[in-house]
There are 2 protein chains.
Amino acid sequence: MTALQITVDVVTVIFSVDPEANRLLVLVCGGELPRLPGLVLAEELSLAEQAYQVLATKVQVEHLYLEQLYTFGGPGRDERETSQRRCLCVAYFALVQYQETVLLLEPQPVQWVPVPQLPVLWGDHAQIVQYGYQRLRNKLEYSPIAFQVLPELFTLGELYQLYTIILGEDFSDYSNFRSRLLKLGFLRDTGQKVCRGAGRPASLYRFDQHAFLPYQDKPMVFI
Amino acid sequence: MTALQITVDVVTVIFSVDPEANRLLVLVCGGELPRLPGLVLAEELSLAEQAYQVLATKVQVEHLYLEQLYTFGGPGRDERETSQRRCLCVAYFALVQYQETVLLLEPQPVQWVPVPQLPVLWGDHAQIVQYGYQRLRNKLEYSPIAFQVLPELFTLGELYQLYTIILGEDFSDYSNFRSRLLKLGFLRDTGQKVCRGAGRPASLYRFDQHAFLPYQDKPMVFI
DNA sequence: GCAAAAGTGTTTTCCGTACACCCATGT
DNA sequence: ACATGGGTGTACGGAAAACACTTTTGC
């Protein structure tokens with residue numbers, strides 16, 4: 001009886017919100033049967049560092065949120081498996097700022113695809129995307145991840161748009177969303193105004209990390 | 001350059017609630033420097049099956065809840081690691097019914113320890129327990145895991161006690177807890193009464209799985 | 001009778017929801 | 001001027017928190 005060989009993949013589900021086209025995107029790579037970006041665990045890196053490497057080989061971006069999602073572990077979920085070899089997959093989930101993200105098209109083609117029109121993916125990667133999408137929606141409700149992919153200064157309209165794209169149009173009324181968040185007190189009005197085409201100029205706000213602390217890990221902060 | 005060898009441990013943080021002593025317990029094994037129960041991933045089992053095996057080697061119990069917790073992945077978190085060998089740890093979290101649980105003391109000693117008096121544990125196992133404790137408290141708030149470790153028929157007092165032991169005395173008033181839960185409509189009064197020492201006899205309730213469905217994955221059901 | 005535990009009801013406050021409405025800009 | 005998006009205010013229903021009170025048992 002020989003020892004079991006174990007291969008560990010680290011894959012990252014990378015989400016982004018395109019405010020122009022009003023849709024949620026996920027990054028896939030490869031042409032024929034596309035898959036999530038991933039690497040075989042090999043180097044002297046922590047899992048989180050490796051997940052970041054996975055991301056960095058496919059896109060160039062500064063502002064992002066990254067966390068561990070789930071570990072998928074067959075057997076039978078990966079075609080490379082044999083009776084001596086077992087394949088695990090540690091999945092991470094990321095949200096990146098769309099506007100600043102540059103896709104790195106070499107050596108493999110990569111592309112944004114809208115979540116609702118997700119094509120058939122390699123192996124169980126579609127399942128991993130679904131799992132990540134679920135987590136994204138949950139996180140948005142009690143965690144300030146939105147501010148990590150918004151510009152330093154943002155309007156409440158931009159914030160609201162981010163939420164509606166991910167959670168759906170009917171998650172909340174704009175004016176209620178607005179007053180609820182302002183009452184919480186961790187959004188600072190900078191006083192600066194900005195015009196987005198027609199309409200009244202909007203105030204630019206800043207997220208106050210320190211003022212958010214009381215809400216850390218408390219449920220349902222944003223909804 | 002040789003290929004990296006990977007060892008994967010599956011460990012399970014097993015919690016239980018002792019209603020007599022009014023405290024939350026976690027299972028540790030070994031004497032000198034105790035550790036969480038765990039096994040090296042080796043067989044043709046899924047991760048969840050393996051986590052269940054880990055549990056089954058230490059305790060005998062029928063009613064339990066089990067789910068994946070987190071994957072810890074150094075490097076540097078495990079003393080068995082070398083430059084050729086990397087150790088990952090897929091942690092699971094379990095809640096078992098205290099009354100029916102039988103500890104299997106062979107081949108290693110195992111014991112329940114109260115969470116507040118947790119001793120120093122091997123490696124990063126204390127951190128894993130903290131992570132599991134956090135998850136347990138969160139789960140309790142929106143998930144019906146309590147009913148998986150309560151008897152088929154239970155009183156609202158027993159349910160309330162389970163919640164207070166895990167979440168603390170001040171999480172909610174008993175009568176408010178009671179009326180909130182009953183209004184949700186997934187607890188069925190069987191009409192049977194039971195006496196627990198002094199005091200008015202309590203109704204025995206049953207959890208109605210079907211009636212709970214509308215609340216599946218909805219936040220803050222119980223608090 | 002009294003303590004103990006179960007169960008009911010009430011009051012007050014606060015919050016989410018659904019609106020209506022005003023404001024400041026581009027065209 | 002009017003469409004567009006930003007921003008404010010209000011009225012209503014319902015839920016959470018605090019707590020008083022009744023009921024039924026053991027001792």
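By convention in this document, chain letters (A, B, ...) are assigned in the order of the sequence lines, proteins followed by strands, and residues within each chain are numbered from 1.
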Plane angle bin for Phe177(A) and Tyr160(A) - parallel if under 30°, tilted between 30 and 60°, otherwise perpendicular: tilted
Sidechain-backbone polar pair: His125(B) side chain, Arg35(B) backbone, donor-acceptor under 3.5 Å: no
Sugar-phosphate, base or nothing in reach of Arg178(B), heavy atoms under 4.0 Å: base
Atom pair distance, as rounded to whole Å: CD in Glu158(A) and P in dG7(D): 11 Å
Side-chain donor or acceptor of Thr101(A) paired with backbone N/O of Val61(A) under 3.5 Å: no
Value in whole Å for how far the C1' atom of dG5(D) lies from OH of Tyr174(A): 8 Å
Centroid separation Tyr215(A) to Phe207(A) less than 6.0 Å: no
Ring geometry between Phe15(B) and Tyr133(B) (parallel below 30°, tilted from 30 to 60°, perpendicular above 60°): tilted
Between CZ on residue Arg188(B) and OH on residue Tyr205(B), distance to nearest 0.5 Å: 11.5 Å
Atom-to-atom span, CZ of Phe171(B) to P of dA16(D) - whole angstrom: 13 Å
Mutual orientation of the aromatic rings belonging to Phe222(A) and Phe147(A) [parallel < 30°, tilted 30-60°, perpendicular > 60°]: tilted
Footprint string (nucleotides 18-27 of chain D, 5' to 3'): B base within contact, S backbone only, - free, heavy atoms under 4.0 Å: BB---BBBS-
Within residues 173-187 of chain A or reaching into it, pairs that qualify as side chain to side chain donor-acceptor pair (under 3.5 Å) - sequence neighbours excluded: Ser172(A)-Arg180(A), Asp173(A)-Ser175(A)
Phosphate OP1/OP2 of dA16(D) contacted by Ser172(B) side-chain N/O (<4.0 Å): no
Along DNA chain C, first and last positions that approach a heavy atom of chain B under 4.0 Å: dA4(C) to dG9(C)
Whole angstrom value for the distance that separates C1' of dA15(D) from CG of Leu184(B): 11 Å
First of Thr155(B) and Ser179(B) reached from the 5' end of DNA chain C, by closest nucleotide: Thr155(B)
